[in-house]
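Along the sequence shown, the residues carry numbers beginning at 1.
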Amino acid sequence: GIYLHSNRYLKEIKTFLANADYSTDQKIIVVCLIQNLSLENYLSILSYTAELYKQQKIEEMLLSWVIAPNFNKRQIIARSYKDPRVRKLLLQIRQIKGLSETPLRIIYQILTGDETKFLK
């Protein structure tokens with residue numbers, strides 16, 4: 001149900017991602033299942049996971065997966081790199097103290113449009 005109707009489950013998705021009882025691997029599976037979200041709702045999830053990361057409630061790997069899921073070629077954030085809302089949020093995330101080189105590189109590749117060449 002989540003895969004086909006992700007937009008109906010925003011509250012539950014956020015609750016699951018924030019729940020320390022679930023492993024990062026389990027949360028990554030949910031990220032894979034929500035690739036049919038609308039851009040607006042996906043941005044809401046991305047913003048939420050960035051806040052969770054800043055509060056040290058999730059691992060950086062989960063944030064990276066939400067930014068650029070290594071699951072399929074849908075990757076709504078990478079495909080929407082020209083959208084001002086996407087750019088603004090990615091620039092905000094890039095400013096989070098303590099981010100390692102991997103998410104910073106991914107964000108750079110998305111902002112420049114380079115990430116889209118992997119999605120064809």
Side-chain angles (χ1 to χ4, degrees):
I2 291 175
Y3 179 74
L4 294 175
H5 305 288
S6 302
N7 290 298
R8 295 183 191 167
Y9 294 100
L10 270 186
K11 182 179 176 185
E12 292 84 358
I13 293 164
K14 288 179 178 180
T15 300
F16 185 87
L17 294 175
N19 191 327
D21 292 337
Y22 297 105
S23 70
T24 297
D25 288 341
Q26 289 171 310
K27 293 174 184 182
I28 287 171
I29 291 169
V30 168
V31 170
C32 294
L33 290 173
I34 63 170
Q35 294 307 300
N36 287 324
L37 281 173
S38 66
L39 176 58
E40 181 178 336
N41 287 340
Y42 201 89
L43 286 171
S44 174
I45 295 291
L46 177 54
S47 178
Y48 184 71
T49 55
E51 285 303 315
L52 290 174
Y53 177 74
K54 282 196 272 188
Q55 297 169 16
Q56 299 179 341
K57 292 183 178 180
I58 63 166
E59 294 182 26
E60 181 181 85
M61 180 189 303
L62 180 60
L63 177 60
S64 294
W65 268 83
V66 176
I67 295 169
N70 190 13
F71 170 66
N72 65 14
K73 296 190 180 216
R74 169 99 162 85
Q75 293 200 25
I76 192 167
I77 297 298
R79 290 188 185 280
S80 303
Y81 75 97
K82 292 180 182 178
D83 188 294
R85 299 170 297 171
V86 170
R87 299 185 72 73
K88 180 180 178 184
L89 182 54
L90 289 178
L91 290 170
Q92 290 171 351
I93 292 170
R94 195 167 70 173
Q95 300 304 313
I96 297 173
K97 292 188 184 338
L99 277 181
S100 72
E101 186 60 34
T102 299
L104 292 173
R105 179 182 42 76
I106 292 168
I107 290 170
Y108 175 79
Q109 288 177 314
I110 291 171
L111 289 171
T112 61
D114 287 346
E115 189 72 14
T116 58
K117 59 185 160 188
F118 301 111
L119 304 177
K120 299 190 187 277

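Residues that satisfy the side-chain contact (heavy atoms from CB on, under 4.5 Å) test with Y81, not counting sequence neighbours, are R87, I110, T116. Under the side-chain contact (heavy atoms from CB on, under 4.5 Å) criterion, K88 pairs with Q92, not counting sequence neighbours. Listed by chain and residue number, nothing satisfies the side-chain hydrogen bond (donor to acceptor under 3.5 Å, both in side chains) test with T15 (two or more places apart in sequence, or in another chain). Partners of D83 by side-chain contact (heavy atoms from CB on, under 4.5 Å), not counting sequence neighbours, listed by chain and number: L39, S80, R85, V86. For the side-chain contact (heavy atoms from CB on, under 4.5 Å) test, residues two or more places apart in sequence or in another chain that qualify with L99 are Y53, E60, L63, I93, I96, P103, L104. Looking at residues two or more places apart in sequence or on another chain, you find no side-chain hydrogen bond (donor to acceptor under 3.5 Å, both in side chains) involving R74. Residues that satisfy the side-chain hydrogen bond (donor to acceptor under 3.5 Å, both in side chains) test with T24, not counting sequence neighbours, are E59. Remark: N19 engages no residue in a side-chain hydrogen bond (donor to acceptor under 3.5 Å, both in side chains) (not counting sequence neighbours).
For the pair L17 and I58, the minimum side-chain heavy-atom distance is 4.5 Å or more. Taking the side chain as every heavy atom from C-beta outward, I76 and L37 never approach each other to under 4.5 Å.
Closest non-hydrogen pair, D21 versus Q26, comes out as O-OE1, 4.4 Å. Residue A68 comes nearest to Q75 through the heavy atom pair CB-OE1, 3.8 Å, listed as atom of the first residue, atom of the second, then distance. Closest heavy-atom contact between S64 and I106: CB-CD1, 4.5 Å.
Among pairs with a residue in residues 3-18, none fulfils salt bridge (charged side-chain N to carboxylate O under 4.0 Å, His left out), at least two apart in sequence or across chains. Under the ring-ring contact (aromatic ring centres under 6.0 Å, His included) criterion, the residue pairs touching residues 9-51 are F16-Y22, with sequence neighbours excluded. A salt bridge (charged side-chain N to carboxylate O under 4.0 Å, His left out) check over residues 102-114, counting only residues at least two apart or in different chains, returns nothing. Residue pairs meeting the salt bridge (charged side-chain N to carboxylate O under 4.0 Å, His left out) criterion with at least one partner in residues 31-47, sequence neighbours excluded, do not occur; the list is empty.
Between the NZ atom in K97 and the CD atom in Q95 there is a gap of 8.0 Å [rounded to 0.5 Å]. Rounding to the nearest 0.5 Å places OG1 of T112 at 12.0 Å from CD1 of I107. Atom CE of residue M61 and atom CD1 of residue I28 lie 5.5 Å apart, to the nearest 0.5 angstrom.
Remark: side-chain polar atoms of N7 are paired, donor with acceptor, to backbone N or O of S38 under 3.5 angstrom. Side chain of T49 to backbone of I45: a donor-acceptor contact under 3.5 angstrom is found.
Cluster annotation: I13 and I29 are assigned to the same hydrophobic cluster (Ile/Leu/Val/Met/Phe/Trp/Tyr, side-chain heavy-atom contacts under 4.5 Å, transitive). Cluster annotation: V66 and L91 are assigned to the same hydrophobic cluster (Ile/Leu/Val/Met/Phe/Trp/Tyr, side-chain heavy-atom contacts under 4.5 Å, transitive).
More than 12 non-hydrogen atoms from other residues, nucleotides or ligands lie less than 6.0 angstrom from CD of Q55.
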